[in-house]
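The shown structure was predicted, so the numbers you read here are calculated from the model rather than taken from an experiment.
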Amino acid sequence: MANFQTHVTTSTVLGVGYAGAGIVLNAPIDSALIAGGLCGISGMLPDVDSSSGRPIREIMNFAAAVVPMLMIERMRHLGLTPESMVLAGGIMYLLVRFVFADWLRRYTVHRGMFHSIPAALIFAELGFLVCGCDNLQLRYYKAGAVFLGVMSHLLLDEIYSLQMYRGRLRLKKSFGTALKFWGDSTWANVSTYAKLIAVTAMVLGEPLVMEKLGAPVHHDIYTTANQMLDTVIRR
């Protein structure tokens, strides 16, 4: 399989190209640069289930610092005060950096369902949800950056599972364990697809998406939910 350096280099190069393409297509420069960065870091995401410490350490450190910043626009829409945003950002940092990272170390298996196409879709949809703004196209653009970065990782792992031996191409045992729709564990498959359905429902429930699809949006429900969240954070 490809090593850490190869994954990061490849996704970073793709991220540069993705950002450049966005700028050419008139995306705001700051949004394009963020998308490029998301593509670059997403090249490491499938390896959060790695038994070695470096991938998960690098990803969790980055996610803990960046996710709260990406959530600023969404927190502003929730009507949070600057103090509440700082508090919410600190809570998210601690949850990602320590709680979620520890859970990954304990309960994931390398080359499990984190290395799969459904997982790539989940990561992309989470990127869409985190990058909250009023421009739906920019959110799609950033989600696409995450998907591209993850897919580059999966494709590289499959490419590196091909080996030339005495002039003949042969497949390593790892072939087919990255670019897949399901794995050997029934529970992991069910859990992954359940998460995919849940996250997809959250994406489809976004007001901007519902309006785009022509579905009625009950703004009073969202207003009430926002007020409740603000009350909890203030306490």
Next item on the list: Report the C-alpha distance between R139 and L208 in whole Å, list the side-chain angles of each, state the deciding distance to 0.1 Å, and finish with yes or no for side-chain contact (heavy atoms from CB on, under 4.5 Å).
Entry: CA-CA 10 Å; R139 294 178 70 178; L208 288 175; 3.9 Å; yes
Next item on the list: Indicate if L33 and V130 have the same hydrophobic cluster label, given that clusters are the connected sets of ILVMFWY residues with side-chain heavy-atom separations under 4.5 angstrom.
Entry: no
Next item on the list: Could you grab the distance from atom CD of Q137 to atom NZ of K142, nearest 0.5 Å is fine?
Entry: 12.5 Å
Note to self: Using side-chain contact (heavy atoms from CB on, under 4.5 Å), reason through H153 and D157 one step at a time and then give a plain yes or no.
What the structure shows: CA-CA 6 Å; H153 184 114; D157 278 349; 3.2 Å; yes
Next item on the list: Please check if the distance between the ring centroids of F123 and F147 is under 6.0 Å.
Entry: no
Notebook entry, point to check: What distance separates T192 OG1 from L196 CG, expressed to the nearest 0.5 Å?
Noted result: 9.0 Å
Checklist line | Joint hydrophobic cluster, L38 plus Y141, side-chain heavy atoms closer than 4.5 Å | finding: no
Next item on the list: Evaluate whether atom CG of L25 has more than 12 neighbouring non-hydrogen atoms of other residues, nucleotides or ligands under 6.0 angstrom away.
Entry: yes
Note to self: Looking at every heavy atom in both A119 and M113, which two are closest together, and how far apart are they?
What the structure shows: CB-O, 3.1 Å
Note to self: Looking at V8, is its backbone amide N or carbonyl O close enough to the side chain of S11 to form a donor-acceptor pair, meaning the two atoms are under 3.5 Å apart?
What the structure shows: yes
Check: If we only count heavy atoms from C-beta on, is the T9 to Q5 side-chain gap below 4.5 Å?
Finding: yes
Item checked: Parallel, tilted or perpendicular: ring planes of F98 versus Y93, cut at 30 and 60 degrees -> perpendicular
Checklist line | Closest approach of P68 to G89 (non-hydrogen atoms, all atoms of both residues) | finding: CG-O, 3.7 Å
Check: Rounded to the nearest 0.5 Å, how far does CD1 of I197 lie from CE of M202?
Finding: 14.5 Å
Item checked: Reported NE2-to-CG distance for the pair H115 and L154, which is rounded to 0.5 angstrom -> 6.5 Å
Check: Are M92 and M71 side-chain neighbours, meaning at least one heavy-atom pair lies under 4.5 Å?
Finding: yes
Margin query: For I122, is there any backbone N or O sitting under 3.5 Å from a side-chain donor or acceptor partner on K195?
Written below: no
Margin query: I need the T10 OG1 to I159 CD1 distance, nearest 0.5 Å.
Written below: 8.5 Å
Check: Going only through I, L, V, M, F, W and Y residues with side-chain contacts under 4.5 Å, is there a path from V66 to L138?
Finding: no
Next item on the list: Please check if any side-chain donor atom of T81 sits under 3.5 Å from a side-chain acceptor atom of S84, or the reverse.
Entry: yes
Check: Any chain of hydrophobic side-chain contacts (each under 4.5 Å) joining M75 to M69?
Finding: yes
Checklist line | Beyond-backbone contact of F100 with L94, side-chain heavy atoms, under 4.5 angstrom | finding: no
Margin query: So, taking the atom named SG in C131 and the one named CD1 in I72, what distance separates them when rounded to the nearest 0.5 Å?
Written below: 12.0 Å
Item checked: Which atom of E158 lies closest to which atom of L179, heavy atoms considered -> OE2-N, 2.8 Å
Notebook entry, point to check: Going by heavy atoms in the side chains, are S116 and F181 under 4.5 Å from each other?
Noted result: no
Check: Is the backbone of L148 close enough, under 3.5 Å, to the side chain of Y18 for a donor and an acceptor to pair up by distance?
Finding: no
Note to self: For V146 and L45: C-alpha separation, side-chain torsions, deciding distance, then whether side-chain contact (heavy atoms from CB on, under 4.5 Å) applies.
What the structure shows: CA-CA 9 Å; V146 176; L45 284 177; 4.2 Å; yes
Item checked: Shared hydrophobic cluster, L126 / M151 (ILVMFWY, side-chain heavy atoms < 4.5 Å) -> yes
Checklist line | Heavy-atom side-chain proximity of D47 to H7 below 4.5 angstrom | finding: yes
Check: For G149, does its backbone N or O pair with a side-chain atom of S42 as donor and acceptor, under 3.5 Å?
Finding: no
Note to self: Run K180 and I117 through side-chain contact (heavy atoms from CB on, under 4.5 Å) and show every step you take.
What the structure shows: CA-CA 6 Å; K180 61 180 183 289; I117 293 175; over 6 Å; no
Checklist line | Heavy-atom closest contact (G43 atom, S152 atom, distance) | finding: CA-OG, 4.4 Å
Note to self: Using modelled atom types and a 3.5 Å cut-off, is there a donor and acceptor pairing between side-chain atoms of N189 and backbone atoms of G183?
What the structure shows: yes
Check: Is a side-chain donor or acceptor of S191 paired with a backbone partner of W187 at a separation under 3.5 angstrom?
Finding: no
Notebook entry, point to check: Looking at G36 and A19, what are the two nearest heavy atoms and their distance?
Noted result: CA-CB, 4.1 Å
Margin query: Please check if the number of heavy atoms outside D184 that lie under 6.0 Å from its CG is greater than 12.
Written below: no
Note to self: Testing the basics here: between M60 and V96, what is the closest heavy-atom pair and its distance to 0.1 Å?
What the structure shows: SD-O, 3.6 Å
